[in-house]
Protein chains: 2
Amino acid sequence: MTDGKTPRPTARRTRLTPERESELYAAVLELLREQGYEALTMDAVAARTRSSKATLYRQWKGKPELVATALRHTGPVPLEDIDTGTLRGDLQQMVRCSDDIQMEKDTALLRGLAHAVYQNPDLHQALRELLIEPETAGYHAMLQRAVARGELPAGAPALEFVPHMLIGAFVARPLIEDRPVDSDYLDRFINAVVLPALGV
Amino acid sequence: MTDGKTPRPTARRTRLTPERESELYAAVLELLREQGYEALTMDAVAARTRSSKATLYRQWKGKPELVATALRHTGPVPLEDIDTGTLRGDLQQMVRCSDDIQMEKDTALLRGLAHAVYQNPDLHQALRELLIEPETAGYHAMLQRAVARGELPAGAPALEFVPHMLIGAFVARPLIEDRPVDSDYLDRFINAVVLPALGV
C-alpha cells in the first residue's frame, strides 16, 4: 500500500485488524456509491467509520489509494484463487462469484469511477497499481494455465484482449440494451465471444 | 428530429441550409469537448454560432436532441454507406474513416457523454433514438450482407455482440493500457477478436 517513495515523518503504522479493514473498505464503497468520487472526502470516511483522519492517512497515502485498495479488497474472489481445471470453468466461476444485485451496484460504481479517472491522474495511478495491474496479472495467469493444459494455442492473438472484451460486455449492455449486466448475460457473452475469439 | 409528440404552437420551421447545419453541429461538438455536457448551454451554442435560441429550439427540441443529432451528423461515414464486398473490408473501412487525432478527440468526447447519459435520462433517450439505434441497424445490415454472401453462419452467437466488442476496444485501451485508440490498434483488435469470434 505504501511504496516507500513518500515517507511521512509521523508514519507510525498501527496495524488494523482484518475485520476493521473490511469495515473501512465497505464504508468507502458505500460512500462512493452514494456520492461519487469527487464528493467523497476523508472527513466523511472518518465520520462514517468512527475513525480519525490521522489513522486513515497513516494507513493509506490518501483518497486515491484508499479507494483503489477498497475496490481491490471487496471485489469478487481474486482471480488468483480461481482454478477449476478448465478455462471455461474459470471464466464461469469468475462471473458467478457476484450475485446480480451486487453486480448492478458495482457496474454503477465502476462507471462513475471510469469517469473520475480522467479528471484525477492520481486516482488513475492508484487504480493502475493497486487494481488494474493485479487483475491483469490474474487474467494472464488464468490464460497461461489454459495454454499449459493445451486448451489454447500459445500465441493466440486474442490473449491480450480478454480484459478488453469483458470491459466491453460490462459497458455496452446498459448503454446499448438499457439493461443491467447479470450472470446469465455474461455467460452468454463468454460462450459467444471470449472463448471463440481465443479459438476454444 | 421532431416526432410530433410535443408540438410547439410557435413551431414555424425555417429550413437551415445543409452548410449552416454542419456549422452548427461542429460548434456543438467543439463546445462539448471544451465544457462537457452538463455545462453546455443553448445560450453558448447560440453565441458561438451567432444564431438565436429561438432558432435552435425551433429546429431541435432541446439540448439532448441537438447533441445527439450533432454526434450522428458529424461522425465518420455512416455505416450504411460502407459496402466493400467483404466483412473484413467493411470493418477496416469503418476503422479507417477517422484519422487518429480525430479519433482521440472523439474518444474523450464519448467518454464524457457516456457518463452524462446516466445523469440525464433525456440525453440517453435522444442518443438511443438518434444515434445508437441507427448505428446498431448499420451493424446489423453490414453483418446480414456478410451472412448473405456466405462469409458468416446465419446464427453465429457473436452476431449480436459486435457493438459490445468494439465499445470494449474503445474503452479498455486508455483505461488498461493508458494509450489512445488508433486505427492500427483497431485493425489488430478486429483481426484478433471480432472476426475470430464471428467464426471468420
Side-chain angles (χ1 to χ4, degrees), chain A residues 36-38 107-119 121 123-125 127-128 131-133 135-136 139 153 155-178 181 185-200, chain B residues 36-38 107-119 121 123-125 127-128 131-133 135-136 139 153 155-178 181 185-200:
Chain A
Y37 181 78
E38 303 296 345
T107 308
L109 181 66
L110 292 175
R111 194 164 53 220
L113 280 172
H115 183 70
V117 153
Y118 295 97
Q119 318 292 325
L123 174 63
H124 198 177
Q125 176 67 14
L127 287 173
R128 183 180 311 288
L131 183 71
I132 295 173
E133 285 174 9
E135 287 288 307
T136 305
Y139 281 115
L159 281 174
E160 63 172 308
F161 293 124
V162 170
H164 303 59
M165 293 184 237
L166 293 171
I167 287 173
F170 273 94
V171 174
R173 189 166 224 221
L175 201 62
I176 298 183
E177 302 180 32
D178 204 12
V181 172
Y185 159 82
L186 287 177
D187 250 0
R188 281 201 298 125
F189 187 86
I190 285 169
N191 285 313
V193 172
V194 181
L195 294 171
L198 289 166
V200 178
Chain B
Y37 182 78
E38 303 297 345
T107 307
L109 180 67
L110 293 175
R111 194 163 54 219
L113 280 172
H115 183 69
V117 152
Y118 295 96
Q119 317 293 324
L123 174 63
H124 199 177
Q125 176 67 14
L127 286 174
R128 183 180 312 288
L131 183 72
I132 296 173
E133 285 174 9
E135 287 288 307
T136 305
Y139 281 114
L159 281 175
E160 64 173 305
F161 293 125
V162 171
H164 303 60
M165 294 184 237
L166 293 171
I167 286 172
F170 273 94
V171 174
R173 189 166 223 219
L175 201 62
I176 298 183
E177 304 181 30
D178 203 13
V181 172
Y185 159 82
L186 287 177
D187 251 0
R188 282 200 299 125
F189 187 85
I190 286 169
N191 286 313
V193 173
V194 182
L195 294 171
L198 289 166
V200 177

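Below, chains carry the letters A, B, ... as their sequence lines are ordered, and counting in each starts from 1. FYI, side chains are in, hydrogens and waters are out, and symmetry mates aren't considered; it's all heavy atoms of this structure.
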Q: Relative to the ring of A:Phe161, is the ring of B:Phe189 parallel (under 30°), tilted (30 to 60°) or perpendicular (over 60°)?
A: perpendicular
Q: Side-chain contact test, heavy atoms from C-beta onward, threshold under 4.5 Å: evaluate it for A:His164 versus B:Glu177 and give yes or no.
A: yes
Q: What part of B:Phe170 lies closer than 4.5 angstrom to a heavy atom of chain A: side chain, backbone, both or neither?
A: neither
Q: Heavy atom to heavy atom, less than 4.5 Å: which residues from residues 193-200 of chain A reach chain B?
A: A:Val193, A:Pro196, A:Ala197
Q: Tell me every residue that passes side-chain hydrogen bond (donor to acceptor under 3.5 Å, both in side chains) with A:Glu38, counting only those two or more places apart in sequence or in another chain.
A: A:Asn120
Q: Considering non-hydrogen atoms only, spot the tightest contact between A:Ala192 and B:Ala158 and give its length.
A: O-CB, 3.3 Å
Q: State, with a plain yes or no, whether a side-chain heavy atom of B:His124 is found less than 4.5 Å away from one of A:Asp178.
A: yes
Q: Given heavy-atom pairs under 4.5 angstrom as the criterion, report whether the side chain, backbone, both or neither of B:Ile132 touches chain A.
A: side chain
Q: Answer yes or no: is there a side-chain heavy-atom contact under 4.5 Å between A:Ile167 and B:Ile176?
A: yes
Q: For A:Glu160, is there an ion pair with B:Arg188 - N to carboxylate O distance below 4.0 angstrom?
A: yes
